[in-house]
Amino acid sequence: MTRSSRPVRRTNRERRFDLRTTALFFVLVAILLCGTAALVRAAADMAESRPLWIGSLAVVGLSAACLGRSRWRRFSAARVARRAAEVLEEAAERASESLEGTRTRAAAATAGGPVVPLVAGDRFGTEPTLVEEPARIEEPILLEEPTHGAESTLVLDTTETATVVLDAPAAPVDYAALDADAFEQAVADLCVRDACQDVEVVGGACDLGADVLAVTPDGRRIVVQCKRYGEDNKVGSQDLQRFGGTCFTVHEADVAALVTTSDFTAPALAYAEQCGIVCVNGAELQAWCDGTGPSPWDLVAVEA
């Protein structure tokens, strides 16, 4: 059901307070006062420039006032002011009703039509239609073959069969083919997969030796540095020394690990064993990825 957009004026003379009507009333009063002030100023300017004309107009005005004195007595200043206020208020009310009627018509023009129920197969509508799928009748399955001379027994299989869809095995990741940023993200993904919390990739120019930060499932803080090197480029002792100088003192690591796609030199392994840094080469990284090898934090014993 729609409402009429045509405004209906109220016939009750007891008006309630309306902010819009009051504002329009004062606007009209201000315009009237400004016009009056402009007329007074124009009269004053004319009096200064042409006093004879003003004197003549004053004499004519006084004569008219004396002639119509009896009529002017019927009116009072209070009555005139009240009548002017009523006229201004009426004009303000009409203007307010006109604005309200315009807004109502605009709202009615932009309002949408009735919602059409969605039918089966229709792509348009606001609510989906539930289409029931017809129940399927299972064919009786004969589970036991009848023997000679005995009655055949028909057994219905009433158990529901569930189809389990297994995810396809993930393709092996070629970490050597990744760039430095992708390699850091891949190591972070392994940490997420193995239930680490608060995993962050922080590698960059000012990382101070840390590329991946995380919290292990048992609550230890692990700091990982990633080195994507070629097979012929092994991680040397200088790389381990730079990492060992910041992983424990700056990053406050409980487990420090250096993961590479290549291998480590003998001096690097010796330094790592001395400082307690876990070294993960390319083969161990692939085993960690496949789930056949331990994670870096599993290689460090938990302190009692």
Side-chain angles (χ1 to χ4, degrees), residues 165-304:
V165 180
L166 298 178
D167 295 335
V173 181
D174 186 5
Y175 293 103
L178 303 176
D179 57 15
D181 295 336
F183 180 56
E184 294 173 1
Q185 185 61 48
V187 173
D189 293 340
L190 288 177
C191 295
V192 173
R193 185 201 67 181
D194 292 347
C196 287
Q197 303 294 327
D198 300 332
V199 181
E200 297 182 75
V201 179
V202 295
C206 301
D207 56 7
L208 296 177
D211 293 326
V212 178
L213 301 177
V215 178
T216 63
D218 54 8
R220 291 179 293 172
R221 180 177 177 82
I222 181 172
V223 179
V224 183
Q225 187 180 61
C226 304
K227 294 292 184 182
R228 190 195 61 82
Y229 286 169
E231 295 181 358
D232 299 333
N233 186 13
K234 295 183 178 182
V235 180
S237 60
Q238 294 181 355
D239 296 327
L240 265 299
Q241 290 173 10
R242 284 193 292 268
F243 181 54
T246 58
C247 61
F248 296 108
T249 58
V250 176
H251 301 291
E252 299 179 352
D254 298 320
V255 178
L258 197 151
V259 180
T260 182
T261 54
S262 61
D263 206 344
F264 299 89
T265 62
L269 292 174
Y271 178 83
E273 184 178 0
Q274 180 182 359
C275 296
I277 300 175
V278 179
C279 294
V280 180
N281 59 21
E284 295 169 342
L285 172 62
Q286 194 63 47
W288 179 25
C289 175
D290 298 339
T292 59
S295 59
W297 54 88
D298 290 335
L299 301 175
V300 179
V302 180
E303 296 181 358

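Note that the coordinates shown come from a computational prediction; the quantities given were computed from them, not determined experimentally.
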Could you list the donor-acceptor pairs under 3.5 angstrom formed between side-chain atoms of residues 178-188 and any protein atom two or more places apart in sequence or on another chain?
unit_1	atom_1	unit_2	atom_2	d
Asp179	OD1	Ala182	N	2.7
Gln185	NE2	Asp189	OD1	3.1

Let me have the donor-acceptor pairs involving side chains of residues 257-267, under 3.5 Å, with sequence neighbours excluded, atom names and distances please.
unit_1	atom_1	unit_2	atom_2	d
Thr260	OG1	Lys227	O	2.8
Thr260	OG1	Ser262	N	3.2
Thr260	OG1	Ser262	OG	3.2
Thr261	OG1	Tyr229	N	3.0
Thr261	OG1	Tyr229	O	2.5
Ser262	OG	Asn233	O	2.9
Thr265	OG1	Val235	O	3.4
Thr265	OG1	Ala268	N	3.4

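- Put simply, the side chain of Phe248 reaches to within 4.5 Å of the side chain of Ile277, judged on heavy atoms.
- Scanning all heavy atoms of the two residues, the minimum distance from Cys226 to Asp211 falls at N-OD2, 2.7 Å.
- Contact annotation: the side chain of Leu190 approaches that of Cys289 to within less than 4.5 Å [non-hydrogen atoms, C-beta and beyond].
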Atom pairs and distances, side-chain donor-acceptor, residues 239-247, under 3.5 Å, sequence neighbours left out:
unit_1	atom_1	unit_2	atom_2	d
Asp239	OD1	Arg242	NH2	2.5
Thr246	OG1	Leu208	O	2.8
Thr246	OG1	Phe243	O	3.4

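- Of all heavy-atom pairs between His251 and Arg221, the closest is O-NE, 2.9 Å.
- Remark: Gln286 pairs with Asp290 by the side chain to side chain donor-acceptor pair (under 3.5 Å) rule, at least two apart or across chains.
- Heavy-atom minimum distance, Trp288 versus Ser295: NE1-CB, 3.4 Å.
- Screening residues 197-206 for side chain to side chain donor-acceptor pair (under 3.5 Å), with sequence neighbours left out, gives no hits.
- Atom-to-atom distance recorded for Asp218:CG and Asp254:CG is 9.0 Å, nearest 0.5 angstrom.
- For Arg220 (side chain) and Val255 (main-chain N/O), no donor-acceptor pair under 3.5 Å exists by modelled atom type.
- Under the side chain to side chain contact (heavy atoms under 4.5 Å, CB included) criterion, Asp174 pairs with Ala176, Ala177, sequence neighbours left out.
- Sorted by first then second residue, the salt bridge (Lys or Arg N to Asp or Glu O under 4.0 Å) pairs that include residues 280-289, not counting sequence neighbours, number zero.
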